[in-house]
Amino acid sequence: MNIIVNGNETHIVEGSVVSDLIRSLGLNPVRLAVELNRRIIRRAQWDSTTVLEGDRVEIVHFVGGG
Amino acid sequence: MNDRYSRQILFAPIGEQGQARLAESRVVIIGCGALGAVSAETLARAGVGHLVIVDRDFVEESNLQRQIIFEESDALNRLPKAVAGAARLARVNSDIQIEPIVTDVNFENVEEIIAGANVVIDGTDNFETRFLINDACLKTKTPWIYGAAVGSYGLTMTIVPGSSPCLRCVLEAMPEPGSGPTCDTAGVIMPIVTTIASIQAAEAMKLLTGQTDELHRSLIRIDLWDFEFNRLDLSSFNDEDRCPACSKGEFEFLRGAGRQVTTTLCGRNAVQIARTGVGALNFAALAERLKPAGEVAFNDFLLRFRVDGYDITVFRDARSIIRGTTDPAVARGLYARYIGA
């Protein structure tokens with residue numbers, strides 16, 4: 001199925017939860033904030049929140065530089 | 001000087017009244033590197049009456065590509081950034097008071113440093129100081145503006161205690177040292193710095209003139225090379241998702257949680273830096289990031305990195321020994337720049 005991640009259409013396996021999506025994108029989970037359909041998903045809910053066809057996900061990667 | 005601010009006063013949302021409020025304001029800028037320098041220059045020109053510039057570092061040649069308030073002579077003379085920055089801003093605007101503070105912000109001095117500030121601006125290069133600022137600003141109900149940039153990518157978020165989520169609400173835990181890119185390993189271009197710092201400065205001007213309704217209320221994410229502009233809307237953040245600092249007033253970072261402990265190793269021209277509660281570092285990934293910046297090698301137990309005459313040894317638990325200095329502030333600066341704190 002397809003979802004929108006940071007504005008780009010992305011294919012993921014049906015039934016994936018947020019943590020599956022982060023893994024499949026090869027991201028380091030330590031520095032991320034995730035928003036699903038305009039609602040921030042807490043870290044504790046990443047394993048239990050299922051992503052559905054057409055969902056819009058925003059993933060923000062925090063950096064430290066300045 | 002009546003004409004100095006005329007164009008800013010003509011801008012209707014500021015006007016005479018807003019200009020007067022700016023003149024009465026006190027802004028503390030913590031970290032005067034690339035981001036802090038742009039904020040400092042912008043707010044000095046805008047006529048913020050009292051600017052405090054705090055930095056632990058000195059000016060180096062590699063800063064000049066992006067740190068807008070420094071000149072070649074500052075690097076040659078190895079001037080502290082707070083001192084060089086304040087001198088430059090005093091030439092730009094003699095109307096205002098500029099107070100340089102050369103210090104390493106820590107859990108013992110952060111509350112004193114931000115005391116009396118109307119707004120605190122983040123120009124730091126590490127999460128340890130940002131989590132301290134976050135706690136100190138929540139405790140004193142002082143708005144602060146997070147900003148960060150690496151490569152062509154940057155982020156910013158405005159925290160208004162009592163009305164917006166804070167950095168900890170969104171990020172939840174302080175990232176572990178050695179877990180991400182820094183400007184000294186991945187590089188950085190000036191346009192993303194000026195973009196992020198300009199957003200921070202505009203937000204500061206809204207706060208200082210009492211226009212909190214105009215704040216962007218987002219976590220803004222910009223990549224100027226890929227040309228991506230995105231925002232996480234924070235206006236619908238759930239109250240039940242608030243962090244322990246916001247919901248229960250637990251300011252553990254002000255009590256020293258997550259802090260680096262530095263020890264000068266006598267007779268060895270070295271400083272040890274340790275932080276508790278860190279899991280095992282991924283040496284292969286860290287070495288990959290460090291490779292463009294200097295000479296790096298690792299085995300199962302430790303990683304060695306040489307740069308600019310310093311010799312940095314990192315252990316699996318992120319404890320590090322930095323040879324080539326006995327000054328803890330210099331060692332912490334190097335650690336933030338290369339390992340990432």
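Side chains included, hydrogens not; waters and symmetry mates left out as well; all remaining heavy atoms used. Protein chains get the first letters and strands the later ones, always in sequence-line order, with residue 1 at the start of each.
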Counting only non-hydrogen atoms closer than 4.5 Å, does [X] touch chain A with its backbone (N, CA, C, O), its side chain (CB onward), both, or neither?
{"X": "B:Arg66", "answer": "neither"}
{"X": "B:Thr182", "answer": "neither"}
{"X": "B:Glu228", "answer": "side chain"}
{"X": "B:Ile220", "answer": "neither"}
{"X": "B:Ile192", "answer": "neither"}
{"X": "B:Leu155", "answer": "side chain"}
{"X": "B:Val170", "answer": "both"}
{"X": "B:Val150", "answer": "both"}

Of all of B:Leu234, B:Leu219, B:Asn126, B:Asp122, which one pairs up most often with chain A through heavy atoms under 4.5 Å apart?
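Most pairs with chain A among the choices: B:Leu219.
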Aromatic ring pairing B:Phe127/A:Phe62, orientation class (parallel under 30°, perpendicular over 60°, tilted between):
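Because their plane-to-plane angle is over 60°, the rings of B:Phe127 and A:Phe62 count as perpendicular.
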What's the shortest heavy-atom distance between [X] and [Y], and which atoms?
{"X": "B:Arg221", "Y": "A:Ile59", "value": "NE-O, 3.7 Å"}
{"X": "A:Gly65", "Y": "B:Cys183", "value": "CA-SG, 3.9 Å"}
{"X": "A:Gly64", "Y": "B:Ala148", "value": "C-CB, 4.3 Å"}

Max heavy-atom pair count under 4.5 Å with chain B, selected residue of A:Glu35, A:Arg39, A:Arg38, A:Arg31
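When all of A:Glu35, A:Arg39, A:Arg38, A:Arg31 are compared, A:Arg31 has the most.
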Give the member of A:Val30, A:Ile40, A:Val60 that has the highest number of heavy-atom pairs under 4.5 Å with chain B.
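Of the options given, most contacts go to A:Val60.
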Mind checking the [atom1]-[atom2] spacing from [X] to [Y]? Nearest 0.5 Å is all I need.
{"X": "B:Asp226", "Y": "A:Asn6", "atom1": "CG", "atom2": "CG", "result": "11.0 Å"}
{"X": "A:Arg42", "Y": "B:Asn238", "atom1": "CZ", "atom2": "CG", "result": "9.5 Å"}
{"X": "A:Gln45", "Y": "B:Asp241", "atom1": "CD", "atom2": "CG", "result": "6.5 Å"}

Polar side-chain atom of B:Glu172 near backbone of A:Arg43 as donor-acceptor pair, under 3.5 Å:
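Judged by distance alone, yes, a pair lies under 3.5 Å.
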Quick one: does B:Tyr153's side chain have a donor or acceptor within less than 3.5 Å of a partner on A:Val63's backbone?
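No; judged by distance alone, with no hydrogens or angles, the pair does not exist.
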Should we say atom CD of A:Glu14 is surrounded by more than 12 heavy atoms from elsewhere, each under 6.0 Å from it?
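Not buried by this count: 12 neighbours or fewer within 6.0 Å.
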